[in-house]
Protein chains: 2
Amino acid sequence: MNRVREYRKNRGLSQFALAEKVGVARQTVNLIENGKYNPSLKLCISLAEELGTDLNTLFWKVDETK
Amino acid sequence: MNRVREYRKNRGLSQFALAEKVGVARQTVNLIENGKYNPSLKLCISLAEELGTDLNTLFWKVDETK
DNA sequence: TCCTTTTGTCACATATATATGTCATTAACA
DNA sequence: TGTTAATGACATATATATGTGACAAAAGGA
C-alpha cells in the first residue's frame, strides 16, 4: 500500500507528531497509513520530505510481500 | 512545477488522449500541467504509468531552470 | 481561405480529501 | 493498580479535486 508507517516508525515519530510536522490532522496520517484514502500530491511530497525520503520510495509500487 | 507536459508530448499524446487513458477529464490534465492544482496520488501514479515513467521523475523537485 | 484539432478558460455540480471533536482500546510505565 | 500516550474508528463539517458543458483562440492541413 505505502511505506509511510515504516518510515515514520524508523524516525521514532507518532502519527500525531508526524501530522503536526506536515501540517495535517492526526486522523489524516492514520487514514493514509491504513490505505483508506488517496492523499494529495502536495501532502505526499511533505511526507516524503519530512521522512527524509522521496515519492517513489514511499508510494511507488510498494512490495506488499515484505 | 512538474514534467507531465514534457512526457506527454514526447509520447505524441494530446491532453485529451492522455486524459482518456488515465480516466479523467481533459480539463484535469490541463490544470495539472499548468500547476493550477494538486492532483491525488492515484492520479499521479496513473499518469506516471501511462507516460512510462515514475513519480519522482514527473513530480519530485523538478528543475525549473531546464 | 475553411475545417479540424488542440489548448486555455469559465461556470456550475459532485465526489472526496481533510478538519474537528469524540470515544474505546491497547501498551507502557509510575 | 492508575495514568498517560498512541492508535483506530466514528460522525459531521468544510475545502478542494474532478466532472460536465461550453466558448474562444491558435495552429495545421485541405
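Note on naming: letters A, B, ... go to the chains in the order of the sequence lines (proteins, then strands), and numbering restarts at 1 for each one.
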(request) Would you check if L58(A) and N2(A) make a side-chain contact, meaning some heavy-atom pair closer than 4.5 Å? (result) no
(message) Could you tell me how far apart N34(A) (CG) and dA9(D) (P) are, to the nearest whole angstrom?
(response) 6 Å
(message) Quick one, K61(B) and E49(A) - any side-chain contact, counting heavy atoms below 4.5 Å?
(response) yes
(message) Please report the distance, rounded to the nearest Å, between CG in L31(A) and P in dG8(D).
(response) 10 Å
(request) Please check if the side chain of N30(B) supplies one atom and the backbone of R26(B) the other of a donor-acceptor pair under 3.5 Å. (result) no
(request) Would you indicate whether the side-chain heavy atoms of R5(A) and Q15(A) approach each other to under 4.5 Å? (result) yes
(request) Return yes if some donor-acceptor pair links the side-chain N/O of N38(B) with the main-chain N/O of K42(A) below 3.5 Å, else return no. (result) yes
(request) Kindly state which residues belonging to residues 14-25 of chain B come within less than 4.0 angstrom of DNA chain D, counting heavy atoms of the residue only, listed by number. (result) G23(B), V24(B), A25(B)
(request) Flag the pair L13(A) / K21(A) as yes when at least one side-chain heavy-atom distance between them is below 4.5 Å, and no otherwise. (result) yes
(message) Contact between D54(A) and I45(A) at the side-chain level, heavy atoms closer than 4.5 Å - yes or no?
(response) no
(message) So I32(A) and L43(A), do their side chains get closer than 4.5 Å, heavy atoms only?
(response) yes
(message) Could you tell me if the side chain of N56(A) sits less than 4.5 Å from the side chain of W60(B), heavy atoms only?
(response) no
(request) Could you say whether K9(A) or I32(B) is positioned toward the 5' end of DNA chain D, judged by the nucleotide with the nearest heavy atom to each? (result) K9(A)
(message) Taking atom types as they are modelled, would you say the side chain of R26(A) forms a donor-acceptor pair with the base of dG8(D) within the 3.5 Å cutoff?
(response) yes
(request) Taking the side chain as every heavy atom from C-beta outward, state whether R8(B) and E50(B) have any atom pair closer than 4.5 Å. (result) no
(message) V29(B) vs F16(B), test: side-chain contact (heavy atoms from CB on, under 4.5 Å). Steps then yes/no.
(response) CA-CA 8 Å; V29(B) 172; F16(B) 180 73; over 6 Å; no
(request) Could you list where the contact with chain A starts and ends along DNA chain C, reading 5' to 3', using a 4.0 Å heavy-atom cut-off? (result) dA17(C) to dT22(C)
(message) Any side-chain N or O of N30(A) below 4.0 angstrom from OP1/OP2 of dG8(D)?
(response) yes
(request) Residues of residues 35-60 of chain A with any non-hydrogen atom less than 4.0 angstrom from an atom of DNA chain D: list those, numerically ordered, please. (result) K36(A)
(message) Quick check on DNA chain C: between T28(A) and R5(B), whose nearest nucleotide comes earlier from the 5' end?
(response) R5(B)
